Every structure is written in structure tokens, then in C-alpha cells.
Amino acid sequence: MSKKPSIPKGTRDFGPKQMVRRNYIFSNIKETFQKFGYLPLETPTMENLSTLTGKYGDEGDQLLFKVLNSGDFLSKRGKTLVGEQELEKGYKHVTPIISEKGLRYDLTVPFARYVVMNRNDISFPFKRYQIQPVWRADRPQRGRYREFYQCDADVVGTKSLICEAEIVLMITEVFGKLGIEDYSIKINNRKILSGITEVIGAKGHETDLCVAIDKLDKIGEDKVLEELTEKGFSDEAIENLRPILHPSGSSKERLARMEEFLTSSETGLKGIEETRKVYDYVAGFGLENAKLEFDMTLARGLNYYTGAIFEVKVNNVSIGSVSGGGRYDDLTGVFGLPDVPGVGFSFGVDRIYDVMEELELFPEQHQDSTKVMICNFDEESERYSLKVLSSLRQANINAEIYPDQAKMKKQMTFANNKEIPFVLMVGSQEMASGKLTLKDMKSGEQEGLSVEELIEKLK
RNA sequence: GUGGUUGUAGCUCAGUUGGUUAGAGCGCCUGAUUGUGGUUCAGGAGGUCGUCGGUUCGAGACCGAUCUUCCACCCCA
């Protein structure tokens with residue numbers, strides 16, 4: 001026997017049952033995006049490595065899947081593919097020689113690339129959504145795959161905070177439709193985070209602060225402060241930080257307290273103002289009960305964010321965030337088009353799927369599958385049945401015939417396993433009378449119907 | 001990337017200090033029922049024990065490597 005086939009680490013097949021459920025999530029998200037004026041876009045699976053590298057930080061670059069150059073790349077460089085000097089410099093210097101392309105790591109950077117390449121044809125503000133898989137050479141875990149889908153919606157060419165508010169609305173709508181109730185949309189602002197570093201006298205160390213603060217609820221205050229000391233924060237700075245480490249009260253109260261703390265930082269106050277405005281807009285849309293929480297400990301890794309940042313977590317489910325995003329002032333700058341501000345966010349469908357499965361939120365759905373199966377007795381009945389089958393399909397009824405003249409038992413078992421609700425029997429009696437026998441597989445009841453009656457019943 | 005964990009029938013799992021022919025439940029196939037599934041009864045098929053190598057008279061069990069799974073960290077959707 002040949003070797004058992006397998007698929008690469010961190011990838012998955014999606015069977016028909018899973019696909020029905022995934023499509024259910026996809027279509028809800030698409031519908032919502034389109035309702036808010038976003039239009040679809042697709043970009044290639046592969047991008048040039050020059051497009052991808054340097055956009056996600058060192059960690060991100062490590063996680064890029066690279067595509068080996070095709071053809072006889074050996075001959076292009078003469079007999080020596082890689083010189084000894086290059087080898088000594090390490091793999092980072094060797095990879096560009098044998099690989100020029102990589103699999104996309106997210107949808108935002110390819111989008112920025114698209115905007116720059118098509119700047120003359122795009123009328124701004126430009127809203128697009130994009131639902132495609134992305135790849136990361138991460139170590140897989142629950143809710144963490146090497147190939148997974150992102151559903152991004154971004155708008156570029158406007159600084160309006162209405163966009164931020166609309167993101168909150170879209171998240172609320174999608175989760176509402178999917179039946180996820182216990183979740184929170186956390187919002188923070190990069191400007192607030194840099195304000196904090198200014199106030200405590202550690203300007204320029206935003207990233208370290210973010211990473212440490214992010215773990216507050218996980219490892220506790222002491223360990224966080226310890227980590228900050230390790231990263232070179234002064235005792236004074238840490239002492240200054242202490243008062244704001246324990247957020248309590250409503251988002252409004254937290255914002256007020258943070259405003260007080262940030263009085264000496266212009267940037268910080270700007271962040272507060274922006275966050276307030278997002279709240280105002282959300283309220284302006286009439287959404288009173290948005291699950292929006294201001295959380296100054298929220299810090300997202302991607303370093304292109306400059307304004308609001310979002311993250312959505314489902315409560316009481318041990319899975320990471322299911323959605324996230326933020327504002328970036330200059331994502332297209334690296335591609336030579338400065339001053340195009342934008343906001344975007346993304347749904348992690350694979351995680352939403354896992355969450356919904358755990359919470360048993362998928363509705364029973366069979367409308368995609370066959371509604372009626374015709375039993376195949378013999379050649380005469382088969383010929384007769386094909387006409388019936390065509391009539392059913394013309395009436396938009398999902399129908400199929402069992403393709404082989406197998407035993408009844410086998411055909412019934414097949415229908416049962418496929419959860420086909422009705423089975424139609426066309427034998428000699430039926431052909432003689434014109435009344436076909438329809439069996440309801442759930443109740444087991446049977447009745448004789450003409451083709452017209454049949455269509456009427458199954459419609 | 002660091003540390004740990006897992007792998008036995010299609011699925012969920014047993015398998016004693018290393019010892020003859022590796023088991024169960026569910027599923028699958030056949031028949032009781034030659035035009036009736038989901039219930040019942042009777043019978044049957046299916047395993048190079050993840051892969052490769054080693055120790056041993058003898059390995060599913062011990063050792064090494066590798067792949068895979070899951071977990072913690074890192075990071076993230």
C-alpha cells in the first residue's frame with residue numbers, strides 16, 4: 001500500500017458540513033460590509049517579498065512563507081548558487097537569492113499596495129472588503145492555524161472618526177446576526193499609549209510598554225512591572241505608571257481619569273478626544289448598547305497603527321481575539337504614496353467558527369442540500385424518472401436521482417445518511433397510475449402524488 | 001523561535017514488569033426484509049500500533065531521529 005496522504009502542519013480540509021457553516025458566516029459578514037458601502041477586492045496569493053518584508057516587524061518577517069524561485073535558478077548565478085561569504089552572513093542574506101515571492105501574511109498590506117498602484121483610478125475615500133486566506137509560519141495551536149481566512153474591511157482617504165464608529169456598528173451587526181451575545185469590543189488609541197510614555201518619562205518605548213501592559217490581566221501587576229524593569233524602564237517611570245494600572249468604573253470614568261493623567265501630554269489628550277468622539281458617533285447612530293469598552297491596556301502588535309485600535313473578544317471562551325483592527329495614518333507611505341490615512345479591521349472567521357461551535361450557535365440548515373431523491377428501480381423507471389427530475393429542477397427544487405439501480409435498502413440508507421428529507425419512488429404501479437409515491441423520511445409517511453402536486457408540495 | 005505533550009481499526013479509546021494470534025464501543029458490509037432508511041437480531045470485513053532507525057532471543061510498550069496533534073511562552077486572527 002502507498003503511504004498515507006497528509007496535509008501540511010496547521011492546514012485543514014473543510015468538508016461539506018463545515019463549508020455550509022463557514023459560508024453562513026461569510027455571507028453574513030459580506031452582507032454587512034456591503035450594507036456599509038464596502039466593495040469586494042481580491043489580490044494574488046503571492047506578493048513580491050519586497051512588498052511584504054519590513055511591514056510586520058522582525059517577528060512578522062520570520063513568519064512569512066517564502067516561495068522558492070521557479071526554473072533553474074542555479075544557472076542564473078553561475079555554478080555557485082551562494083558564495084561562502086553570503087553563507088556566513090546567515091540565512092537572512094541567502095533567502096533573497098533563492099526566493100523573491102512570498103504568501104500574503106495579511107490583507108491590509110496587499111490592499112495598501114493595490115491602492116498605491118491604482119491611485120489614479122481610485123476615488124477617495126475608498127472602501128473595500130476582502131475575504132481571502134492568509135498564511136503565517138506560526139506554530140499551530142487551538143484557534144491558530146498556518147492557513148486561515150481574514151475578512152477585512154478598510155477605508156482609506158479619510159480621517160473621519162465616523163469610520164471608526166461604523167466599525168463598531170458592523171461588528172455589532174455581524175455578531176448579532178450570528179447569535180454571539182457575550183463579547184466585548186475593546187477600544188484604545190495609540191496616541192494614549194504614547195501619551196502615557198511621555199508622562200512617565202519613557203518616551204519612545206511605546207512598544208515595550210504595550211507588550212508588557214497587555215499582559216496585565218494574565219500575569220498580574222507585579223510581573224508586568226518586573227518585565228518593564230527588565231526592558232530598561234526607570235523606577236521613577238514605573239512608580240508614575242502605577243496609578244493607572246487598575247482600571248475600574250465605566251468607560252467614561254476611565255476616560256476622565258486618563259485625561260487627568262495625561263494633562264501634560266498633547267498627544268495623549270488628542271487620543272482621549274478621538275476616543276470620546278468615537279463614542280459620540282456611535283451614540284449618534286442610535287446604538288445605545290454597543291459593547292464598546294475603553295481599555296487602556298489594549299495594545300496591538302502591528303506597528304503601523306497610529307490612532308484608534310480595536311480588538312473583539314468573546315467572553316467565557318478560551319480563544320484569542322476574533323476580530324481586530326485600527327487606524328493607520330500612513331500605510332501607503334512605504335510604497336511611495338504619503339498622506340493617505342485609513343482605518344480597517346478584520347474578522348477571524350476560523351476563530352469565529354470555533355467559538356460558534358463551542359457555544360452551539362449554528363442553526364440547523366439544510367436548504368443547500370438535496371430536498372428529494374428519486375429511487376432508481378430499473379431501466380424503465382429510470383427513464384421515466386429523468387423527466388420527473390427535470391420538472392423538479394425547473395421548479396427550483398434541489399433534486400437528484402440515485403445513479404445506480406441498487407437495492408432499495410442501499411438507496412434508502414444513502415438518503416438517510418445524507419439527511420435528504422423526501423424520497424420519491426417511481427415503480428411500475430406509479431408509472432401506471434401517474435401517482436408517484438413520496439415518502440417523508442422523518443415521519444415515514446407515504447402518499448401518492450402527481451408531478452404537479454409533487455412540485456406544489458416540495459416548493 | 002523556546003519548553004512540554006500526543007499518535008493503536010473509519011471514529012472514540014483499552015492494551016499489566018517487554019512474551020504466542022493486538023481488543024472494546026460506535027460506524028461500515030452481508031443477511032433476516034428479492035419495493036422501504038432511522039429500531040431489533042445473526043454473521044462478517046477492517047491494523048506493517050505515525051514514520052525511519054536502534055536495543056533485545058523477543059518491541060504496540062524501551063532508546064534516538066523525524067513528522068503530526070495539543071498546551072505554555074513569544075506573538076497573533
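Predicted, not measured: the structure shown is a model, and the values here were computed from it. Chain letters run A, B, ... following the sequence lines, proteins first, then strands; residues in each count from 1.
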Would you tabulate the nitrogen or oxygen pairs shorter than 3.5 Å linking the protein to nucleotides 64-66 of chain B?
none

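- In this structure, OG on A:Ser381 lies 7.0 Å from CD on A:Gln405, to the nearest 0.5 angstrom.
- Interface remark: the A:Gln411 side chain does not form any donor-acceptor pair with the B:U36 base, using a distance-only criterion of under 3.5 Å.
- Note that A:Arg327 lies outside the cation-pi zone of A:Tyr305, set by a 6.0 Å cut-off to the ring centre and a 45° limit from the axis.
- Rounded to a whole Å, the CG atom of A:Leu438 is 17 Å from the P atom of B:U36.
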Atom pairs under 3.5 Å: protein N/O with N/O of nucleotides 2-6 of chain B:
residue	atom	partner	partner atom	Å
B:U2	O4	A:Arg139	NE	3.4
B:U2	O4	A:Arg139	NH1	3.0
B:G3	O6	A:Arg139	NH1	3.0

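- Annotation: cation-pi pair A:Arg128/A:Tyr38 absent, no NZ/CZ under 6.0 Å from the ring centroid and within 45° of its normal.
- The separation between A:Tyr402 atom OH and B:U36 atom P is 15 Å, rounded to whole Å.
- Comparing atom distances between the A:Glu59 side chain and each of B:C76, B:C74, B:U36 picks out B:C74 as nearest.
- Among the protein residues, A:Glu430 comes within range of the nucleic acid bases, having at least one heavy atom under 4.0 Å from a base atom.
- Non-hydrogen atoms lying under 4.0 Å from RNA chain B are contributed by A:Lys9, A:Gly10, all within residues 6-13 of chain A.
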(Q) Run the side chain to side chain donor-acceptor pair (under 3.5 Å) test on A:Ser50 and A:Asn48 for me, step by step, so that the C-alpha distance in whole Å, both residues' side-chain angles and the decisive distance to 0.1 Å come before the verdict. (A) CA-CA 5 Å; A:Ser50 56; A:Asn48 291 326; 4.8 Å; no

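- Between B:G38 and B:C26, the distance separating the two P atoms is 15 Å to the nearest Å.
- When all heavy atoms of A:Ala112 and A:Thr332 are compared, the pair lying nearest together is O-CG2, 3.9 Å.
- Partners of A:Glu198 by salt bridge (charged side-chain N to carboxylate O under 4.0 Å, His left out), not counting sequence neighbours: none found.
- Comparing B:C75, B:G37, B:G31 by their nearest atom to the side chain of A:Lys407 picks out B:G31.
- Atom OH of A:Tyr145 and atom P of B:C71 are 9 Å apart (whole Å).
- Sorted by first and then second residue, the ring-ring contact (aromatic ring centres under 6.0 Å, His included) pairs with a member in residues 406-435 of chain A read A:Tyr402-A:Phe414; sequence neighbours excluded.
- One can place CE of A:Met412 at 7 Å from P of B:G37, the figure rounded to the nearest angstrom.
- With centres under 5.5 Å and a plane angle under 30°, the ring of A:Phe148 is stacked against the base of B:A77.
- Qualifying salt bridge (charged side-chain N to carboxylate O under 4.0 Å, His left out) partners for A:Glu42, counting only residues two or more places apart in sequence or in other chains: none.
- Here the side chain of A:Asn417 is nearest to one of B:C75, B:C28, B:G37, namely B:C28.
- By the neighbour-count criterion of 12 heavy atoms within 6.0 Å, atom CE of A:Met46 is sparsely surrounded, having that number or fewer from other residues, nucleotides or ligands.
- Among the protein residues, A:Gly60 comes within range of no part of the nucleic acid, since none of its heavy atoms lies under 4.0 Å from any strand.
- Within the nucleic acid shown, A:Thr413 comes within 4.0 Å of sugar-phosphate atoms alone, with no base atom in reach, counting heavy atoms only.
- Map A:Val312 and A:Gln141 each onto its nearest nucleotide of RNA chain B; the residue landing nearer the 5' end is A:Gln141.
- Distance A:Phe422 CZ to B:G37 P: 18 Å, rounded to the nearest Å.
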Going by atom type alone, with no hydrogens or angles, which donor-acceptor pairs under 3.5 Å involve a side-chain atom of residues 344-362 of chain A and a protein atom two or more places apart or on another chain?
residue	atom	partner	partner atom	Å
A:Ser346	OG	A:Asp152	OD1	2.9
A:Asp350	OD1	A:Tyr149	N	2.8
A:Asp350	OD2	A:Arg12	NH1	3.2
A:Asp350	OD2	A:Arg12	NH2	2.7
A:Asp350	OD2	A:Arg22	NH1	3.2
A:Arg351	NE	A:Gly143	O	2.6
A:Arg351	NH1	A:Ser321	O	2.9
A:Arg351	NH2	A:Gly143	O	3.1
A:Asp354	OD2	A:Tyr145	OH	2.8
A:Glu357	OE2	A:Arg21	NH1	3.2
A:Glu358	OE1	A:Arg142	NH2	2.4

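- Within the nucleic acid shown, A:Gln429 comes within 4.0 Å of at least one base atom, counting heavy atoms only.
- No side-chain donor-acceptor contact under 3.5 Å links A:Tyr56 to the backbone of A:Leu63.
- Listed by chain and residue number, A:Asp182 satisfy the side-chain hydrogen bond (donor to acceptor under 3.5 Å, both in side chains) test with A:Asn316 (two or more places apart in sequence, or in another chain).
- Within the structure, ring-ring contact (aromatic ring centres under 6.0 Å, His included) contacts touching residues 438-459 of chain A (residues at least two apart or in different chains) do not occur.
- Among the nucleotides B:C71, B:A77, B:U30, the one closest to the side chain of A:Arg351 is B:A77.
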Short heteroatom pairs, N/O only, protein and nucleotides 39-41 of chain B, under 3.5 Å:
none

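- Within the 3.5 Å criterion, the main-chain N or O of A:Asn376 finds a donor-acceptor partner in the side chain of A:Gln411.
- Atom-to-atom, CZ of A:Phe347 to P of B:A77 comes out at 14 Å; the value is rounded to the nearest Å.
- Atom P of nucleotide B:C75 and atom CG of A:Leu64 are separated by 17 Å, given to the nearest angstrom.
- Using a 30° and 60° split on the angle between ring planes, A:Phe33 and A:Tyr129 fall in the tilted class, from 30° to 60°.
- Comparing the C1' positions of B:G18 and B:G54 gives a spacing of 16 Å, expressed to the nearest Å.
- Between B:C70, B:C76, B:U36, one nucleotide has an atom nearer to the side chain of A:Arg142 than all others, and that is B:C70.
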Q) Given pairs defined as Watson-Crick or G-U wobble with both distances under 3.5 Å, what dot-bracket annotation applies to RNA chain B, with ( ) intrastrand, [ ] crossing, | other strand and . unpaired? A) ((((..(..((((.....[...)))).(((((.......))))).....(((((..]....))))))..))))....

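- B:U16 and B:U33 have their C1' atoms separated by 46 Å, given to the nearest Å.
- Atoms NZ (A:Lys313) and C1' (B:C76) sit 11 Å apart, rounded to a whole Å.
- The salt bridge (charged side-chain N to carboxylate O under 4.0 Å, His left out) search around A:Lys387 returns none, not counting sequence neighbours.
- The closest donor-acceptor contact from the side chain of A:Asp61 to the backbone of A:Thr53 lies at 3.5 Å or more, if one exists at all.
- Residue A:Gly320 is out of contact with every strand shown, counting any heavy-atom pair closer than 4.0 Å.
- Between the side chain of A:Asn416 and the base of B:G37, a donor-acceptor pair under 3.5 Å is found.
- The line from NZ of A:Lys101 to CG of A:Leu68 is 8.5 Å long, rounded to the nearest 0.5 Å.
- A cation-pi arrangement is found for A:Lys291 relative to A:Tyr183, the charged atom lying closer than 6.0 Å to the ring centre and inside a 45° cone about the ring normal.
- Considering only side-chain atoms of A:Met425, the nucleotide from B:A77, B:C73, B:G35 that sits closest is B:G35.
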